[in-house]
Enquirer: 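Quick one: the structure is below, and I'll ask about it shortly.
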Protein chains: 2
Amino acid sequence: MLSFTEENYLKAVLKLTVNGDTKSDAGTNKLAAYLNVKPATATDMLKKLKEKKLIDYEKYGKITLSETGKLKAVEIIRKHRLWETFLFEKLDFTWDEVHEVAEQLEHIHSPKLIDKLDEFLGYPSFDPHGDAIPNAKGELRIAKQKPLSAVSPETSCKMIGVRDNSTTFLKYVTQLGLAINTSIKIISRQEFDGSMEIEMNGKTATVSQKFAENILVD
Amino acid sequence: MLSFTEENYLKAVLKLTVNGDTKSDAGTNKLAAYLNVKPATATDMLKKLKEKKLIDYEKYGKITLSETGKLKAVEIIRKHRLWETFLFEKLDFTWDEVHEVAEQLEHIHSPKLIDKLDEFLGYPSFDPHGDAIPNAKGELRIAKQKPLSAVSPETSCKMIGVRDNSTTFLKYVTQLGLAINTSIKIISRQEFDGSMEIEMNGKTATVSQKFAENILVD
DNA sequence: CGCAAATGTTTGGCTAGCCTAATCTTATTG
DNA sequence: CAATAAGATTAGGCTAGCCAAACATTTGCG
C-alpha cells in the first residue's frame with residue numbers, strides 16, 4: 001500500500017517524463033520544485049521508490065517509471081480524472097474548483113469504489129478539462145480532441161471538454177444546453193467570420209468562432 | 001487544519017463519551033484500545049488536543065470534548081454518514097462495505113464538497129445503518145428511530161436502517177424486498193413469540209421477533 | 001485504613017517526510 | 001582541458017505518530 005506522498009511522487013515523475021512538454025528530463029531539482037519540496041527530500045524519496053521497484057534510477061542518473069510504477073501512476077491519474085468528472089457533473093462544481101478536491105480524493109484506496117464510480121458516471125472518456133481518462137486496465141485512449149471550430153460542416157462530434165474556464169464562458173455553455181458528452185452536429189459554417197450553426201439535443205444555435213475554439217470535441 | 005489522526009482521536013472521544021453505551025468514561029486505555037494504539041500514544045495525543053483546545057483534560061482526569069472539539073467531531077460523523085449513504089445509494093455498495101471506505105472519505109477537506117453531496121443525496125436524515133446524519137450546522141436531528149418490533153399493529157412506518165450487519169441477516173432483508181425508505185405496515189403481532197406479519201411493496205411476510213428487533217424504523 | 005491492581009504518564013527510541021548545509025558529480029564554457 | 005556553474009547526494013536534525021519499559025497515581029478491596 002503506497003502512502004499519499006509516494007503516490008504524489010509517482011504522479012509527478014509521470015507528469016515530468018511522459019507529459020513534460022518538449023524536453024522530458026525528470027531531474028531531482030525539477031521534481032522537487034514540482035512537488036514544493038527541497039531536492040534533498042526528493043533524493044530520499046527516489047531512493048525509497050527505487051527500493052520498491054517503482055522507478056528506475058541510479059545515482060546522478062535518469063529517472064523513469066518502472067512498469068509497475070507507471071501502472072500505479074496511471075491508476076492515480078484515472079482516479080483523479082474520474083473524481084473531477086464526478087464533482088463537475090454530479091455536484092455542480094465549476095471547472096476550476098474540481099482539481100483541488102480531486103487531489104485529495106485520488107488517494108482513497110478502494111478498487112471497488114473507483115470501478116463503481118466509473119460505472120456511475122457512464123464510463124466517461126474525458127474529464128472536464130478534456131483530458132483522457134485511462135480505463136480500468138490503465139490504458140489511455142488516444143485523445144483525438146480538437147476544437148469545435150475545426151469540425152467540418154455536416155459532420156457530428158461529441159463534446160469532451162472546454163478550453164476556457166471563465167464563468168462567463170461556462171454560463172454560456174450551460175445556457176446552450178451543452179455539456180460533457182453532448183452530441184453536436186455542425187449544420188453550416190460561415191466563411192466570413194467562422195460562426196457556426198450547430199444542433200444539439202434537437203435544438204439549434206449559432207455560435208461565434210471564438211466560442212467554437214473553446215469547445216473541445218472528439 | 002486537523003490531521004487525519006487528530007480527527008480520528010476526536011471521533012473516538014465522541015464515540016466513547018456520548019455514545020459510550022451505559023458507562024461513558026473515556027479513559028486513556030479505552031481510547032487507545034479503540035484506536036488500536038498503545039496508551040502512551042493516546043496520552044501524547046491527548047496533550048496535543050488539549051493544547052489545541054479541542055478537549056478538556058487534566059492529567060489523570062476525565063476526557064471530554066470542548067465545544068470546538070465537539071463541533072469538529074460531529075462534522076466528521078456527518079461526513080462519514082453522508083459518504084456511507086452515497087456509497088450505498090448511488091454506487092451500490094452493500095451495508096457492510098460502506099464503513100471502511102467512508103473511514104477514508106470522511107477526512108477529505110472541502111466544505112463545498114460535503115454540502116453539495118448532501119444536496120445531491122436529497123438531504124438524507126439517516127445513513128444505511130439507521131444512524132442520524134447531523135445537518136450542516138452540526139445539529140443532530142433527534143433520532144426517533146426504534147426497532148420494528150416496537151411498532152404497534154395496524155400502524156405503518158418507514159425502514160431507516162438495520163442494527164445487524166451480518167451477511168446472513170442482510171441477505172434475508174434483501175430477499176424480503178426491504179430497503180432503506182421502504183414503507184412497512186404491521187398487520188399483526190403474535191403475543192406468544194413476538195413474530196409479526198408485515199406488508200411492504202404490496203407483499204406480506206411473517207418475521208420473527210429477533211428479525212424485527214434488527215430492523216430500524218422511523 | 002493500607003496496599004495491590006488498575007489505570008495513566010514519562011522517557012527514550014523508532015520511522016516517514018521534511019529541512020539546511022556541506023559535499024560530491026556532471027555539464028558547460030572560455 | 002581546466003575551472004566554475006549547475007545539479008544531485010549525504011549528513012545531521014526536526015516533527016508527527018507510534019512503541020516498550022519504567023514510573024506515578026488512583027481505585028478498590030480485605
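In what follows, chains are A, B, ... by sequence order, proteins preceding strands, each numbered from 1. Since this is a predicted model, take the numbers as computed values, not measurements. Side chains are part of it too, since the values below use all heavy atoms of this structure and drop only hydrogens, waters and symmetry mates.
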Enquirer: Can you check whether B:Leu170's main-chain N or O pairs, donor with acceptor, with B:Thr174's side chain at less than 3.5 Å?
Expert: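 A pair under 3.5 Å: yes.
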Enquirer: Take atom CE of B:Met45 and atom P of C:dT10, then tell me their distance rounded to the nearest Å.
Expert: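 Distance check: B:Met45 CE to C:dT10 P gives 16 Å.
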Enquirer: If only side-chain N and O atoms of B:Ser3 are considered, is one of them under 4.0 Å from the OP1 or OP2 phosphate oxygen of D:dA16?
Expert: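 Checking B:Ser3 against D:dA16: no side-chain N or O falls below 4.0 Å of OP1 or OP2.
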Enquirer: Would you mind reading off the distance between B:Lys62 atom NZ and C:dT7 atom P, rounded to a whole angstrom?
Expert: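 Computing the B:Lys62:NZ to C:dT7:P distance gives 14 Å.
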Enquirer: Give a yes/no answer on whether the side chain of A:Thr41 brings an N or O atom under 4.0 Å of OP1 or OP2 in C:dC19.
Expert: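 Indeed, a polar side-chain atom of A:Thr41 lies that close.
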Enquirer: Nearest-Å distance, NZ (B:Lys47) to P (C:dT9)?
Expert: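 Taking atom P of C:dT9 as the reference, NZ of B:Lys47 is at 8 Å.
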Enquirer: By the 4.0 Å heavy-atom rule, please label B:Thr5 as base, sugar-phosphate, or nothing.
Expert: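 Counting heavy atoms under 4.0 Å across all strands, the contact made by B:Thr5 is with sugar-phosphate only.
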Enquirer: Check the distance between C:dT26's P and A:Asn29's CG and give it to me in whole angstrom.
Expert: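 Whole-Å distance recorded here is 15 Å.
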Enquirer: Is B:Arg78 reaching over with its side chain to a backbone N or O of B:Pro134, donor-acceptor style, under 3.5 angstrom?
Expert: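 A pair under 3.5 Å: yes.
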Enquirer: Tell me: CD of B:Glu58 to C1' of C:dG8, nearest whole Å?
Expert: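 One finds 14 Å between C1' of C:dG8 and CD of B:Glu58, rounded.
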Enquirer: Considering every strand and a 4.0 Å limit on heavy-atom distances, what is the contact class for B:Phe4: base, sugar-phosphate, or nothing?
Expert: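 The residue B:Phe4 makes no contact with any strand.
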Enquirer: Could you check which of C:dG8, D:dA20, D:dT9 has an atom nearest any side-chain atom of A:Pro39?
Expert: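 Of all the options, the side chain of A:Pro39 is nearest to D:dT9.
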Enquirer: For A:Lys11, look at atom NZ and say whether over 12 heavy atoms of other residues, nucleotides or ligands are found less than 6.0 Å away.
Expert: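 Buried by this count: over 12 neighbours within 6.0 Å.
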Enquirer: Under 4.0 Å from OP1 or OP2 of D:dA6: is there any side-chain N or O of A:Tyr60 that close?
Expert: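 No, because none of the side-chain N or O atoms of A:Tyr60 sits under 4.0 Å from OP1 or OP2 of D:dA6.
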Enquirer: Please give, in whole Å, the distance from C:dC19 C1' to A:Asn36 CG?
Expert: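 Nearest whole value for this atom pair: 14 Å.
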Enquirer: Look at the side-chain N and O atoms of A:Lys59 and state whether any lies under 4.0 Å from the OP1 or OP2 oxygen of D:dT10.
Expert: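 Yes.
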Enquirer: Of the listed nucleotides (C:dT11, C:dG8, D:dT10), which one gets closest to any side-chain atom of A:Ala40?
Expert: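 From the listed options, D:dT10 comes nearest.
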Enquirer: Okay, side chain of A:Arg81, backbone of A:Ala132: is any donor-acceptor separation there less than 3.5 Å?
Expert: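 Confirmed, A:Arg81 side chain pairs with A:Ala132 backbone.
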Enquirer: Considering every strand and a 4.0 Å limit on heavy-atom distances, what is the contact class for A:Thr43: base, sugar-phosphate, or nothing?
Expert: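 The answer is base, as A:Thr43 lies within the cut-off (heavy atoms under 4.0 Å) of a base atom.
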Enquirer: Quick check: are there more than 12 heavy atoms from other residues, nucleotides or ligands sitting under 6.0 Å from NZ of A:Lys210?
Expert: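 Atom NZ in A:Lys210 is not crowded, with 12 or fewer foreign heavy atoms closer than 6.0 Å.
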Enquirer: Measure from CD on A:Glu6 to C1' on C:dT15 and round the result to the nearest Å.
Expert: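 To the nearest whole Å, that distance equals 12 Å.
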Enquirer: Using a heavy-atom cut-off of 4.0 Å across all strands, would you classify B:Tyr9 as base, sugar-phosphate, or nothing?
Expert: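 Answer is sugar-phosphate: B:Tyr9 comes under 4.0 Å of backbone atoms only.
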Enquirer: For A:Glu51 and C:dA16, what is the distance between atoms CD and C1' respectively, to the nearest whole Å?
Expert: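 It is 15 Å, rounded to the nearest whole Å.
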